[in-house]
Amino acid sequence: MVFITRSTVITNSKFSIAMTLEEEKRFQETIIKDKSIYNKMLGQINVEKSKSFKPEDEKRIHEVVRQTIGFNQLNSLVFEKLREWVIQSAIDSINNSTSNGSNYSQLNDNNILERKMALAHLYQLQGK
């Protein structure tokens, strides 16, 4: 994830997180029910604690980060990309819930309102 995040920024590519539909639904429901999860998630970002399958890869990756961007700046990039992704995920959840034939089509007006309120709260947390 370390190099993917940095590469996404450098190449101006889209940052995505792969989740199954069920995982995404669970994530959205968690954000709606416990708004503190968002801050907890972002507060856990520390790229320097990242692990690799092979210890030698981890050592090389960390060395490249130290020699180039540095951990603090990379943490900031990861933080910002996750903030953007969470907002977009919430927007997509709302848009999908109002589309015919969507996977969220079983949602009622109260569920949609809850999602919109959660999105407003996320914007508020971001100072937007």
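Heavy-atom basis, side chains included; hydrogens, waters and symmetry copies ignored.
- Taking CD1 of Ile94 as the start and CG of Leu119 as the end, the distance is 4.5 Å to the nearest 0.5 Å.
- Residues that satisfy the side-chain contact (heavy atoms from CB on, under 4.5 Å) test with Lys49, not counting sequence neighbours, are Asn46.
- The hydrophobic cluster around Met117 extends to Leu113, counting ILVMFWY residues whose side-chain heavy atoms fall within less than 4.5 Å of a member.
- With sequence neighbours left out, the salt bridge (charged side-chain N to carboxylate O under 4.0 Å, His left out) criterion links Glu80 to Arg83.
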Checklist entry - Run the side-chain contact (heavy atoms from CB on, under 4.5 Å) check on Ile32 and Asn111 step by step: do they pass? => result CA-CA 10 Å; Ile32 290 168; Asn111 297 124; over 6 Å; no
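- Taking each heavy atom of Val86 and Met41 in turn, the nearest pair found is CG2-CE, 3.5 Å.
- Rounded to the nearest 0.5 Å, atoms CG (Asn95) and CD1 (Ile112) are 10.5 Å apart.
- For Glu114, there are no salt bridge (charged side-chain N to carboxylate O under 4.0 Å, His left out) partners two or more places apart in sequence or in a different chain.
- The ring-ring contact (aromatic ring centres under 6.0 Å, His included) test applied to Tyr123 returns no partner, not counting sequence neighbours.
- The NZ atom of Lys59 sits 13.5 Å away from the CD1 atom of Ile61 when rounded to the nearest 0.5 Å.
- Going from atom CZ of Phe79 over to atom CD1 of Ile45 covers 6.0 Å, rounded to the nearest 0.5 Å.
- Pairs of residues two or more places apart, or lying in two chains, that qualify as salt bridge (charged side-chain N to carboxylate O under 4.0 Å, His left out) and include a residue from residues 61-73 are Glu48-Arg66, Glu63-Arg66.
- For the pair Thr68 (side chain) and Val64 (backbone), a donor-acceptor distance under 3.5 Å is present.
- Taken from CG in Leu77 to CG in Asn72, the straight-line distance is 11.0 Å, to the nearest 0.5 Å.
- Not a single side-chain hydrogen bond (donor to acceptor under 3.5 Å, both in side chains) links Lys51 to another residue, sequence neighbours left out.
- Asp34 meets the side-chain hydrogen bond (donor to acceptor under 3.5 Å, both in side chains) test with Ser36; sequence neighbours excluded.
- For Tyr38, the ring-ring contact (aromatic ring centres under 6.0 Å, His included) test picks out no residue, with sequence neighbours left out.
- Among residues two or more places apart in sequence or in another chain, the side-chain contact (heavy atoms from CB on, under 4.5 Å) test is passed with Ser52 by Asp57, Glu58.
- By the side-chain contact (heavy atoms from CB on, under 4.5 Å) test, Glu22 is found to be paired with Thr20, Lys25, Arg26, residues two or more places apart in sequence or in another chain being considered.
- Annotation: side-chain hydrogen bond (donor to acceptor under 3.5 Å, both in side chains) contacts of Gln88 (sequence neighbours excluded): Asp92.
- Under the 30°/60° scheme for interplanar angles, the aromatic rings of Phe71 and His62 are found to stand perpendicular.
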Checklist entry - Can you list the steps and then say if Lys81 with Glu84 is a salt bridge (charged side-chain N to carboxylate O under 4.0 Å, His left out)? => result CA-CA 5 Å; Lys81 287 297 173 186; Glu84 291 170 7; 3.5 Å; yes
